[in-house]
Every structure is written in structure tokens, then in C-alpha cells.
Amino acid sequence: QDLDKVTIAGWSKPISEITNILAEPDKGFFKAHGIELGYVPGTGGGSAITNMLSGAADVAFTDPASLYQALDQGEDLVAIYNIYPQNVFNVVAPVGRGIETAADLKGKTIGVYSLNSGTRQNLLFLLHQVGLTEQDVTIQVTGLLNFGPVIQGQVDATAATDTGLYIGRLNGLGEVNVINVADSLNVPTDVFVVTRAYYEANKPILRRFLQAYRDSAQWMIDNPQEAAKIAVTRSINGRDEAVNLGIIELRNLSAQSETTRTKGLGHFDVDVLQDGADAFLAQGLISSALDMRRVVVTDLIPE
Amino acid sequence: MTDRARALTLQQVDFAYPGEAPILQDASLSLAQGDFHCLVGRSGCGKTTLLKIAAGLLRPTAGCVRIGDTILDGPSRQIGFVFQTPSLLDWRSVLDNVLLPISLHRSVTATDRARAMDLLALVGIDAHAQRYPCQMSGGQQSRVSLARALVTEPPFLLMDEPFAAVDAITREDLQNDLLRLTRAQGTTVLFVTHDIAEAVYLASHVSVMQSGRITRSLAIDVPERASGDSRYHPQAIRQCEEIKAALAPALGTVTP
Amino acid sequence: MTDRARALTLQQVDFAYPGEAPILQDASLSLAQGDFHCLVGRSGCGKTTLLKIAAGLLRPTAGCVRIGDTILDGPSRQIGFVFQTPSLLDWRSVLDNVLLPISLHRSVTATDRARAMDLLALVGIDAHAQRYPCQMSGGQQSRVSLARALVTEPPFLLMDEPFAAVDAITREDLQNDLLRLTRAQGTTVLFVTHDIAEAVYLASHVSVMQSGRITRSLAIDVPERASGDSRYHPQAIRQCEEIKAALAPALGTVTP
Amino acid sequence: MTAARLASIGLFLGLGLIWEIWVTISGVSSLLVPAPSAVLAVLWQGLTDGFLWPHIRVTFAETLLGFALGSIIGFAFGVLLSEVDVLRRVLWPYILASQVVPKLALGPIFIVWFGFGLTSIVIITALICFFPLLENTVTGLRSAPADQRDLFRMLGASRLQTLLRLKIPAGLPVILAGVRVSVVLAIVGAVVGEFISGGQGLGASIIAAQGMMDTTLMFALFIVITVMGMLFYQLTILAERWLLRRRQTGDEI
Amino acid sequence: MTAARLASIGLFLGLGLIWEIWVTISGVSSLLVPAPSAVLAVLWQGLTDGFLWPHIRVTFAETLLGFALGSIIGFAFGVLLSEVDVLRRVLWPYILASQVVPKLALGPIFIVWFGFGLTSIVIITALICFFPLLENTVTGLRSAPADQRDLFRMLGASRLQTLLRLKIPAGLPVILAGVRVSVVLAIVGAVVGEFISGGQGLGASIIAAQGMMDTTLMFALFIVITVMGMLFYQLTILAERWLLRRRQTGDEI
Ligand SMILES: Nc1ncnc2c1ncn2[C@@H]1O[C@H](COP(=O)(O)OP(=O)(O)OP(=O)(O)O)[C@@H](O)[C@H]1O
Ligand SMILES: Nc1ncnc2c1ncn2[C@@H]1O[C@H](COP(=O)(O)OP(=O)(O)OP(=O)(O)O)[C@@H](O)[C@H]1O
Ligand SMILES: Cc1ncc(C[n+]2csc(CCO)c2C)c(N)n1
Ligand SMILES: [Mg+2]
Ligand SMILES: [Mg+2]
């Protein structure tokens, strides 16, 4: 039987948190649905979309912020699957710096990975929810080792992710306050995005693809131990099985929400995505209003 | 090649570097085929410049150079040149340096190699053929460059003080060898030297240069040329004196 | 400085480049203060090597060099050296090249400058003092390097064919100037030349080198030295012949 | 000269035109490749409304300071390592390490050591640009001919004098080739430094534009950086011409 | 020689020891600076359990291919631009642009043109490493002395022959200095290329390790990259020694 090739443009290198994808040679979830899976690494959600647009991949594994930007630039894209409906971003400040809520961030210096990173975009969501803008804080690029400057006091707080915080804690990050973006505006972390043209032309394949992806996600939820073991060989950063397990469990949590528990893995809350777009518009990060109801298509998500 | 084609003529050549005082003025020379023409003149008078113009390396600001009937407008392979400095390639052995003029135009044969070795033997450094220039003494280097100019047997030879760095005995040998070779091949030679006796011994004509002009030209008529003794022939000594006298009233800047 | 201190002695000097045949063997020379010692020998016999050893530029493999009573173990500022090639710095004007030996040790004064200009006048290129070496003829360059060696008035002078590239007349002038200066300053000179007449005219002693050995040493005793005519003195001509004869039976590799 | 300049401008316009036409007919996404007309429009706007100038200023200053520091280090180490052979043998692994270890990954450590902002970026720039000058200095200092070295020994020149009066002047053309490479790498260094820790400057703006998926602005910034590179390069060429004005060049042939 | 090597190793051990002690007593977070002992342990493990080898192989191949391509381009363009003056005047802005435009930001365009994987990375590597060789080739080809150029003119040498038999050999020391810089930049290029589009290799692993805040592994990778750099550099030194075996060097003095 001939396999249909579907290539995912990832936002990252093949890291342990996407073990469900990387485990394909071992588990064959996609092959079982007649799909030959490809993966091209990226350097962020934006690169996932450009890699897809360039033809190097078919499906982008990307974040809503990048989706908004691409839509704003006039690309005709659709979101077909909600990979991580839970927002995993947060802001971390050592206890005693007087930062406990988002509003406390006013006037503070906050570290982000880089100017095009998820930490920055999601920090902006957070600030927007409490009526602050980029001008009310000082955003400082710190690189991926962002806890160093927090510990050293070079920044007051740092934007991070759940996995980043987890690893930080393993490495002796002291007592910290954590402000979760999810608590104020739970914009999904990542979604599958395709061009509308590809969507129209390849519905059957995409349907099988999403079926397979959901199987893999479900497997990782059900068998985190096994996934952690596979990550040791299949991922580029998974040398430590115990750490893999911690990360995989965090991703499993973020893959599930109220909505997915009722409707099934991959389903959207369109309203939250719309709120996120509106927040971006309000902050001038995009120039035109977006109608996410037109962008989110749910007909391919398996029941 | 006809005799006519092997004549070398400089017609009223002027030369100046841009923005500088003229170095050559109205310099004319005429060499028939087989002539051995010596050029003498005080240091800095323009001999090297004249030779480079005759070779096509420099372009005269006025006048022209002819090879036979054609005007020279660039370096010609018919002309062999021995530079005032040896100009050897450091990264090639002595033998390869001598073979360079051949190897630039065709692949080197065993005959060429043998010929180059013969020339090296002639100039007395065949034992050093596999050495590199930086391992040679000053005089040895200049002899290599001499062999290099001879290896293609060019119909014209321009030589800029080729024997200045060699000892008296080697020099006499080389003079005799050069005369023998150029006569056998009918080579037309323009030869710069500071040694007046050498000029008289070698040349059929000697021209005297002074401050960029050719002020005197003598035909040399010393009898029984081929014998080494002709150097001490009274006529030779007389002509030496004559040339020396012609050189003396230079617009010298040397204060004694 | 005492007379004794200005003596230069080479004692049974051997030299060979690593892994090569010896270049100098058992070469001894002894120059008293004020001696003008000429070294003649066929091209490649080891004259430059000997001079470099005497200067401390090369270290003998056996034997030693003494300045006065002290063994020389490196180049000494007491020694002025005229290299066989002019070795001028392209990026400095002629005048600055001449002043180099001074400017390396103290700041140049107006007096130094005047002295350098005098020397340039002496060698006949004061008009070109502001030019750069690449704008000079071969003979002019070698005269600049001569002026450079003289500018510090060193008690010792080692000169490697300094006049090889200049014409007969300039050469005679320079010979006379050099004699005058070195006598006035009591300079001890070791002078390499291929011109036997030059050696006899200039020297108090002439040594003949053959294949790395000093095979003959003559005291020169031509009367009425200071006059230019002494060149043609019968005694001078006789001594020339003698030296030539001493050179001739060299283990020559030159095939006539 | 004018012909070459004309050709250069013609080529630029020609390439731009071809590109514009290709973008128009192929309908390639502006996220991937923007239209030159759009790029120029953004560039013009950025220059006239003053948005670009502060960034240009910042990057310019970083490049200049980083190059100054880097060229001092490169030249000084080049001299040191070629004069003191033991130092070369001992230090070269560290020098190589400083080159091959990715600055992007070292960024956080720089920040810990030197803090945010100018200092870090200048040091990164220096670190990126010093190496070509070092290597060319080492090679250049070897280029004085043997007879001139003998001359300096005879004249009793000290090591320092031989260096200053002979080896450096003789090696100048080679050293200046290293400077040409270094000055270009200095711009690369400043931009990379801004990737790591800058909040301002052309490099930071590029990353920000990337985050906004504003490829058009990104290309406009590329043009600005290239023009800045041309400016710096041209300055070194002028300096070189002045320094080597007395040398013979191979240009006649 | 052995003394220098000993000193080098001694310095390495000494620095390591000081660092180890500092880490221990200052109690600095391993998030920032790992202990050398831990780094060596990870390195040893990575080498023995085979985890590092595939990455080393990938980066090695990319470096080698990228350097091969880059040095061909650098040398060829160096020759071309110094022989054809008009080309230099017309092309230099583009060459400068190729250097100063950050490769990191150009990622997507490379992917559009060259697809994913080896090709893209090799081309990025070539693009990063060709420039020093180009500049040094241009300078090196000028270094043949005027009298030798006159000689070749007299001998009726064609332009190509003058190039091959005179200018290139005469400029070889300078050209090889460019090669030394280029080979080091080739490693930088391969690592940067992997940052952009690699799923494997030492550069990709560094990014991954950084994402895991695994500074210990990151430093172990730095050591691997440095050793690889030393290997490549040492090979060029050996090649250089062989190519220049007949030249006088300034080493006697
Ligand atoms: N670096 C070297 N390595 C090996 N042999 C050398 C080296 N330099 C010179 N020689 C050899 O040593 C011998 C003596 O050389 P030297 O330069 O002393 O001769 P010279 O008497 O000055 O000759 P000339 O009159 O031609 O200048 C020559 O045969 C030469 O080939
Ligand atoms: N590149 C140059 N620029 C300006 N003047 C020059 C240049 N080259 C040579 N000259 C001058 O031209 C004149 C003639 O030089 P040329 O080399 O022809 O002399 P020459 O007769 O060969 O002298 P020598 O016997 O010393 O070799 C000299 O006065 C010299 O200073
Ligand atoms: C789990 C997870 N973690 C991080 C990112 C990265 N990311 C999130 S938003 C953003 C901004 C893109 O412009 C980037 C780079 C992701 N996609 N998914
Ligand atoms: Mg001349
Ligand atoms: Mg000699």
C-alpha cells in the first residue's frame, strides 16, 4: 500500500516533548493510517509557518501568535487541530521581589528568551489582560538560560514555560512565584496550521493525519514511561529519562482541556483564540481585525 | 627568418615616468642581425630603461622600437632578457628556473632538460641544478638567470649587466661562451655593462649613454677577435681609453 | 678605542649549513686596526658566507671570530655591513634609508641629516634623497646602501661587492672616497670584490679564497698609493697578475 | 571607473526588476520573499520617519567599538604569538575555542559576566572579529625578506624595533587584508550580539521583525546593514590606500 | 616543543582546577556554569555510550563539504576579482551583503532555495567561510615582485600562466593564511547552519542542550567542537608546511 507523505514543520528541533511524533519509527501511528511522516525542525513558531509556505513541509506545528502574524500579513491559513489547548507560558519571579500577580509587573524588568520567542508574545498577552503594555515594563533578552539573570538579580522576573520552570527547579531554582498566563487568558500553546489551499485539496489525507496524531498523543498520555524511554534515543535532548518523563507529563497535561475532555483531543475553543487575536490587535501587534471563526476549521478533527 | 627581420631599431625614443623629468631623450640605436652591441654609461643614465623599452616592457613616450619592420608594441618572445637582478622563482629548483621559458609554452622534453643541463654546465653550476635559488650565492644566481635567457635560443638578447656579480676568471669564460653561442646562432645582442674592457672585447659596436642620450657610438675593430689575447691588443686598449673619455664629461653629480 | 680593540680576527673558521657539504674550511684572517683587507675568489667560493660570519650573522660550526680580544657571538653595532644586494626598505625614502642606522638608536638630529646628505652627495645621489628605492636604478640603490653603511662611521666595515653595479668612473671616485674616509677614521675594512685591480688599488692585504679555503694572502706594496695613477703602476699590474694566477687553478666547475 | 559604477548600479536595478517581476507573477508569499518595491518603501519610510536612525546609531557604535577592541586584540595577539613561539603553542587551542564555540550559545554567560547592553555586545563583536587579523598578522610578520632581517640584526635593532620598523611595515599589505575581513566580521558580530542581548539596534530589529513575521522590514534592515558594511569596508580601503601609498602594487601589469 | 605542549596541558589542567574549585566554593548554580568534572564526565559518557558520535559525524561532514565549497568559491572569486577589475567594482557590494546579512535570519530563504538538510547547511557554511580566503587571495595575488612580473611578460606568459605559475605561488603564504581563517569559520558555519535548519549535529545539540538548560552537556559539546576545530586547523597547518616547504621563512631570526 502506498503511503501519503505528510511533513510537519516543527517550531523546534526534535525534542523530547514531541516524542509522540518522534516515536513514529518505533510505534508507526501514522503508518497505520497510510501516512509517511516527515519532520523538519524550526527555530520558532514563525519559522514553522515559513517552512510550510516554502514547500518544505505540509503542516505547521505552530503557536497562535505566529498564526495571527501570518494571517495579518495576508496569508490564507487555517488551523485544523488544537495540539496544546492549555497555555504553558508563565512569568517567574523569586519570592520576595514583590511580584505575585500580573499587575505587579509594572515598571519591572522581565527577561524573555528572545524578541521573537513565545515567552515574549505570551508575556504581552498577560500584560494586556491587566491593562499594561510593552511600554510599562522593560523587556530584556536573556537567551534560553533565562533563570541565570533572575537568580543574579539582573532582571526582576523572567517569562518562561512550564517545562522551562520544571528544569529550572531541577537545577536548584529557589523559591519562586509563578504567574501563569493560562489563568488570565488561556490562549492555546500550539495548533496545526495548513494553507487553505492545501486544506481544500487534501482533506482525506489530513483527516487520516489528524487521526494518527491523536492516536500518538493518546498513546503518550497513556504511556508516559514508554515515551520517556523512547525519547532517550529519538529526541535530541532526551538523554535523561527521568527528565523526559517530567516534560512529557507536562505536555500531556497541556494537550488536554475541558473542551478536549468533552469533545475529544484536538478540539478548539474558538472564543479564546478570538480573544487572543483581539488582544494582539489592541496592542498594535497586528494591524487588522481577524475573524478566527473563519480560520479555525474543525471538520477534520476525528470524533 | 631573414636577416632583415632580425634587426633591432630604436628610433628617437623618449621616455619619462608620468609627472617626472624625462629619462630618455631622442635615443636611437640600430642593430643589424648578428650585431653585438654594447651600451655603456654611468649609473642612473638610463641604460636599464632603454633596455626595457627595447624589450617592449616599457612603452616610449615618443619614438618607437622596431623588430625588423614591425613596430614593437609589447614584450616579444623573440627577445631573451637578462635582468639586472636575477629574478629567480624561489619555489622552483635551479633547473626548473632555467626551463621556465620552455615550460610556459610546451611540455619539457628530455632534450630540453639536457640542453638546460648543458647551459648550467656552461655557467658552472650544473652541480647545483636541484638546489633552490635561496641556497645559491649572488653570482650563482645571476648565472642561472643567464642560462634561463639562453635556453630558448632567442634571436635577440638584451642583457643588463649579466656578469656584474661574477669573478674575473668566470667572467672571461662566460664572455667567450657567450660570443661563441651568439655567433653560432647569429643572435642580435644588446648588452649593458660597466666594464669598458668587456664592452670592447665583446662588441661589434659600443654606444655611450649620458643622461638619457646616446652621445657616442663606436664601431669596434680589434683584430683577431676570437683569441683571448685580443683583450690586451693595443687597439683594444686604445678604444677603451676612447670610451672612457667619452664617459668622463658626463653631467656628473659625483663629487670626488 | 684602542688599536688592539679594532682588530678583527677569524680563527680557523669552518661553516656548513646543516646536512650540507662544508662551505668554509679552516678559514683564518687577521686584520689589524686600519687594515683594508680585500677578499677575492671565484663566484660561489664562500666570500659572502665568510663576511656574514665575520659580522656575527652566521655562527661558525668551528673556530671563532674575535673583535679585539672578545669572541663575537652575534651581530655587533661596531660593524658596518654593505650587503651584496642593496636591501633597502621600499617604504622609506632614500634619505630615511640612509638615516636608518641612526634612527634605530637615537632621534635623528639636523647634523645627522646633513651628514646623510653629504654622504648621498658623495655617492652622487643627493638629488634623489626624497625618492623611494623603487624609483632608483640598480647602481643608485647600491650606492644608497653604501651611504647607509657609512653614516654611523663604524670602526669596522664589511663590504660585499659594493661597487659591482656602478660604472667605471663612478667606481673610481667611490674607491677614492672610501679610501679617504676609512683612512681618516682608521676604519678596519674587509672588502669583497671580483675586480682584482680594485682589490690591489684599495687593499693593504689581499686574500684569495678557493672553495671555502683561504689559499693565498698577499701584502700589497704599490708605491704612491694616494694618487689615482697608482692603478697603472707596474707593481700594481704585477700583483694583479699574481692574484689572477692564484685564482686560476681553482677547482673550477666552469667548462670553457 | 564610471563605467564600472554604472554597471554596478545597472546590475542592482536589473536584479531588482527581475525580482519584482518574479514576485509579481509567481505570487510567492511575501512572508518568504517580499517585493523589492515594498522593501524600498518600508526602508524609505523608516529613514524619513526616523524609526531606523536610533537602531543604526546603536549598531554603528557597537561595530566601531567592537572592531576597535577586536583589532587591537587581533593585532596584539598576532604580534605576540608570532614573536613568542611558546605562547603560540600554548594559546592556540584557546584562540580556536574562542572562534568555534558559538557565541549565540555563550550569550547567557556573557550576560552573567558583562551584564546586558553595550559591553556584552562589544565584547562579542571583538571576539568574532579579532581572528582574521590575528592570523594575517602572524603571516604578515613573516614576510620581511631575509636580507632585510639580516640588515636589522647588523644594525643592532632591538626585537621591538625590528618589529616596528621592519616586520610590521613589510607585512602591512597582509595585515590590512586581515583588517578588511575583520571589519566586515565586526558588523556580523554586532548583529549577532544584538540577537543575544540587545534591545535596540539593527540586529535586534531583525529578530523583532522576524517575530512579527515582517519579512519586508527584515529585508529593508538587510539593506541598511549592507550599506553600513560598504561604508566600513570603503573606509578601510581608503586607509589602506593611504598607508600603502608608497608601495609598488601589482596593478600595472 | 614538548615543553610547550606540557605547558599547554598544564595550563589546561590548571584552569580546570581553578574553575572546579571556584564552582565548588562559590556554589554557583549549575544553570550558569557547570563543574569541569561534571563536563568531563558527560563528555566521557557521550563518547563511550556512542551518543555523541552521530552528531560529530554530521557536523564533521558539513564542515568538510562546506569548507570545500567555500574555499573553492573564495579562491575562485579572489582570482576573478583581482584579475578582472571591473568585476571587483561591480560585485563587491554583493559579496559584502553576503557577509553582513545575518544567516540566522535568512533561514527560510535558504530552505526555499535549497530545501532542508545537508545542502542548506553546506551552503550556509560555504557562505560564512569563503570571504577571508577571497580577501587574502586578492591580496596574495598582488605580492609577486615587479621584476618577476616583468620576467613573465618577457617570456610571453599568458594571463593564466602568469596566474598559475607566478601570482599564485608567490601569494601562497597569504592565501594560506586565508585558508586557516576559513577552515575555522567553516566550523562556525556548520554550527550556525544547524542552529537554523539542523535536526542533528553538534550545533543542533547545543541548542537542544540549551533548551534543557543542560549547561554541562553544552560545555561538553563546546569541547568537542573545539577539538574538531583544532583537528581541522592542524590539518591546514600541515598542508601549509608541505606546500611552503621550499620557502624561506622568517623563523630563523
Ligand atoms: N642557504 C644555503 N644553503 C646551502 N648552501 C648555500 C646556502 N647559501 C649559500 N650556499 C652555498 O655556499 C657557497 C658559498 O656561497 P657564498 O654566497 O658565500 O659565495 P660567494 O663567494 O659570496 O659567491 P658570489 O661571488 O657569487 O657572491 C655557494 O656554493 C652556495 O651555493
Ligand atoms: N620608477 C621610476 N620612477 C622614477 N624614476 C625612475 C624610476 N626608475 C628609474 N628611475 C630613474 O631613471 C633613471 C634611469 O634609470 P635606469 O635604471 O635606466 O638607470 P641605469 O642606467 O640602468 O643605471 P644603473 O647602471 O645604475 O643600473 C635613474 O636616474 C633613476 O633614478
Ligand atoms: C510548547 C511550546 N513551547 C514553545 C514554543 C515556541 N513559541 C511559542 S510562541 C512563539 C512565538 C513565535 O513567534 C514561539 C517561538 C512553542 N511553539 N510551543
Ligand atoms: Mg640598470
Ligand atoms: Mg657573495
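Convention: sequence-line order gives letters A, B, ...; per-chain numbering from 1. Values in this document were obtained by computation on a predicted structure and should not be read as measured data.
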Considering only heavy atoms and a distance below 4.5 Å, find which of Ala7(E), Pro102(E), Pro132(E) pairs most often with chain D. Pro102(E)

Of Leu163(E), Leu166(E), Thr162(E), which is the lone residue that meets side chain to side chain contact (heavy atoms under 4.5 Å, CB included) with Leu141(E)? Leu163(E)

Heavy atoms from other residues, nucleotides or ligands near CZ of Phe77(D) exceed 12 (cutoff 6.0 Å): no

Mind checking whether Phe131(D) and Leu185(E) have side chains closer than 4.5 Å, heavy atoms only? no

Side chain, backbone, both or neither: which part of Ile187(D) has an atom under 4.5 Å from a heavy atom of chain E? side chain

Which of Asp85(E), Leu87(E), Val101(E) touches chain D most, by non-hydrogen pairs under 4.5 Å: Val101(E)

Looking only at heavy atoms, what is the nearest atom pair of Arg159(E) and Val84(E), with distance? NH2-N, 4.4 Å

Where along residues 226-234 of chain D does a heavy atom come under 4.5 Å of chain E, listed by residue number? Thr226(D), Gly229(D), Met230(D), Tyr233(D), Gln234(D)

Counting C-beta onward and ignoring hydrogens, is there a side-chain heavy-atom pair between Thr215(D) and Leu32(D) closer than 4.5 Å? no

Quick check for you: among Ser8(D), Gly140(D), Gly10(D), which has the greatest number of heavy-atom pairs under 4.5 Å with chain E? Ser8(D)

Close approach to chain D in residues 92-100 of chain E, criterion heavy atom under 4.5 Å: Trp92(E), Pro93(E), Tyr94(E), Leu96(E), Ala97(E), Gln99(E), Val100(E)

Contacting region of Glu135(D) [heavy-atom separation from chain E under 4.5 Å]: both

I'd like to check the side-chain hydrogen bond (donor to acceptor under 3.5 Å, both in side chains) partners of Glu240(D); sequence neighbours left out, ordered by chain and number. Arg180(D)

To the closest 0.5 Å, what do you measure between NZ (Lys167(E)) and CD1 (Ile175(E))? 11.0 Å

Is it the case that the side chain of Thr59(E) and the backbone of Ile56(E) share a donor-acceptor pair, with hydrogens and angles ignored and the cut-off at 3.5 Å? no

Of the listed Gly203(D), Ser182(D), Ala105(D), the one with the largest count of heavy-atom pairs under 4.5 Å with chain E is Ala105(D)

So does Leu202(E) get a backbone contact from the side chain of Glu194(E), meaning a donor-acceptor N/O pair under 3.5 Å? yes

With sequence neighbours excluded, tell me which residues meet side chain to side chain contact (heavy atoms under 4.5 Å, CB included) with Leu243(E). Leu172(E), Leu176(E)

Could you look at Ile225(E) and say if it's the side chain, the backbone, both or neither that has a heavy atom under 4.5 Å from chain D? both

So how far is it from Phe195(D) CZ to Lys103(D) NZ, rounded to the nearest 0.5 Å? 14.5 Å

Using a 3.5 Å distance criterion without hydrogens, assess whether the side chain of Gln161(D) forms a donor-acceptor pair with backbone atoms of Ser158(D). yes

With a 4.5 Å limit on heavy-atom distance, are the side chains of Met218(D) and Gln210(D) in contact? yes

Chain D interface, residue from Val86(E), Leu104(E), Leu15(E), Leu221(E) that has the most non-hydrogen pairs under 4.5 Å: Leu104(E)

Is a donor on one side and an acceptor on the other found under 3.5 Å between the side chain of Thr125(D) and the backbone of Ala190(D)? yes

Please look at Leu11(D) and chain E and tell me whether the side chain, the backbone, both or neither of the residue comes under 4.5 angstrom of a heavy atom of that chain. both

Among the options Val188(E), Val184(E), Val191(E), Leu134(E), pick out the one with the most heavy-atom pairs lying under 4.5 Å from chain D. Val184(E)

